[in-house]
Amino acid sequence: MGLLSLGTPMHWDEAKQYADHVRAHGIIQFLNLWEATKNSQKDCLLWGDEIEYMVVSYDDENKKAKLSLRVWEILQELAKEEEEAANDPAKKLFVNSSWHPEYGRYMLEGTPGEPYMGLPRDLLAVERNMKLRRELACKFMKPNEVPVTLTSYPRLGCAGEGLDPHHDPHGPAARSLFVPDDIINAHVRFPTLTANIRRRRGAKVAINTPIFHDKNTPKPFIDPTIPTFNDYPEDKNAIEQGAALPDHIYMDAMAFGMGCCCLQITFQAVNVEEARKIYDQMAPLGPIMLALTAAAPIYRGYLSDVDCRWNVIAQSVDDRTEEERGLKPLKNSKYRIAKSRYDSIDSYISNDPSNKPEYNDIPLVFDEDIYKKLSDNGIDNLLARHISHLFIRDPLVIFHELLNVDDNESTDHFENLQSTNWQTMRFKPPPSKTSPIGWRVEFRSMEIQLTDFENAAFAIFIVLVTRAVLSFNTNFYIPISKVDENMKVAQNRNAVLGEKFHFRKQIFPQSRPGTPAAGTPFGSPKLSNATLPRTAPAAQNNTHSNTSGGSLAPGLDRSDEYELMTIDEIINGAPSKGFPGLLGLVNNYLNTLNIDIETRCEISKYLELIKKRANGTLMTAATWTRQFVQNHPEYKQDSVVSDRINYDLVKMIEKINKGEVQVPELLGTFSV
Ligand code: ADP
Ligand code: MG
Ligand code: MG
Ligand code: MG
């Protein structure tokens, strides 16, 4: 684990001069990688989750929960364990995890030591491994420290003693009114990323999240806690300057977004075409799973009117200039760009014939020179569009020492852009030409859950959906503009029960209406190949051959292919409409497998949670957290989440994880 790959990062003024250099070499690196790996075939499913934790430090005497800024030391201990385990098979069993730093100096990221395999029984290893990770992390914490899986920390950026050790706000990287730079990971990459986003944008980031208006919340709500400093011109008065909007919770630093935690799942495909198919099929599920995992209702000490982190992060890393955001005519910037570099995906990429041109209905901004370079080197239209769209962004952190690398060996410049396009899905090429790892897809929209049981349930559900997708050759395509509409409503308070989402009505191939084909045994190499009708590359792909690079697709009306559905319908099905629901698909898929009864029962336990979250029998973490706050004796119906409420909330979450408190409204009868 390279915690500290030292190098000298460039200030934005210098980095911008090398942006074209990094892009040009990034594309050469991608093409080299493509040539070497485009025919790579893997014969089994490998997959894994990423869990992000916040380390909380209790001050029990004063009933305060603070964020511990000592994660660096904990990570070093964990790295030592990992290293020892690598050489000691007996120890491996007890470590079996891999640890990574994250944006916040109070954050940890843990993944399984090795990816999970594709046997049904392997699914039962998921929660066990998550528990093992939590225990292992605890081992290196002080008695008053605890890892919590909260999506957004309720009191991040509130005045007072919220950090351990204490630091006053402000600092040269973020220039925040609310948080010090000391909460940013000490690795030089992270403060540089923060500062260069601000410099490129030409102003501090401005995050405005609607406030939840409770009985005693002032209307309009003008936040009285926004301080004024005079160190920097933009600080003078965030309210007067219009950076802080009325009726909103205002935040002004990358940490408010990238300091959130999430749950990500990565799966390896058998080959590049399958990866592209999974990418497309899972994309419309991004907003659905965001709403279903909603867990982030509090920001900077206030209850908000949203349940999810997504837009907060999008705004927290929005490095677009005013010209790019369409606020000024284009003069110095090259493009108008509709979204932040953290946002939902903009195009489908599969060459499967079911991917009709009309589904890519968002005008795609892409770098034409890069598109041409990719096309000239044999990359098909859809993939060339995808990559040249990612490459409209500038590289934000460039290290002097890594400017000139061997494009045959390195993928650094490609990864520089790839890994700072933070979208709902990520299409991941093999890490290098010689790596044993294949083409992968990452599902990125889900919020982290309070317990390992819930995180395991969502991880297992998602990987089973991918198996069902491949097994039944499903078709979830809807116009991508509709996925974006879903993304917006998914974040609303109680969206899981209160909103409807565009979803495709007929999800089975027309030739086999409603009758799923025989399933793909979980991870069985042969069947995955045999049942998957895979489009042959390029030659057979005439669907898009006359669609020029970025032009909008011709106007075939496809609006009768989808309709508005509740999440209950999307997950649990709508028998009257003959719609099976995602759980129906997953269960049908499981029925085609030869699973022993015990394993099947265990898997069903996890799926039951998904079912009950979707039909409202159980609350989302967001709803549960709101209720906890609103029922707290110290809450004054004014949207304020005080230090004491925060302390009690974190303590409660810890007790739930230890099984000391039962919360049937959140977990039903499932015990932790
Ligand atoms: P990133 O932060 O870039 O998304 P991480 O390394 O943090 O990547 O996490 C990658 C996830 O992919 C982990 O859960 C890991 O177990 C899993 N993984 C590792 N190797 C493979 C593979 N060959 N196929 C699929 N998943 C893999
Ligand atoms: Mg990771
Ligand atoms: Mg992470
Ligand atoms: Mg990831």
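Residues take their numbers from the sequence shown, with the count starting at 1. Order of appearance sets the numbers: ligands from 1, and atoms from 1 within every ligand.
Here the N, O or S atom of E442 that is nearest to the Mg ion (ligand 4) is OE2.
Between the side chains of R134 and T149, at least one donor-acceptor pair of N or O atoms lies under 3.5 Å. Side-chain N/O atoms of D367 and S388 include no donor and acceptor closer than 3.5 Å.
Shown here for A459 and M130, the closest heavy-atom pair between the two residues is CB-CE, 4.3 Å.
Partners of E415 by salt bridge (Lys or Arg N to Asp or Glu O under 4.0 Å), not counting sequence neighbours: none found.
Contact of the S350 side chain with the L382 side chain is not registered, since no non-hydrogen atoms from C-beta on lie closer than 4.5 Å. With a 4.5 Å cut-off on side-chain heavy atoms, N657 and V146 do not count as touching.
Within the protein, the number of N/O/S atoms found under 2.8 Å from the Mg ion (ligand 3) is 3.
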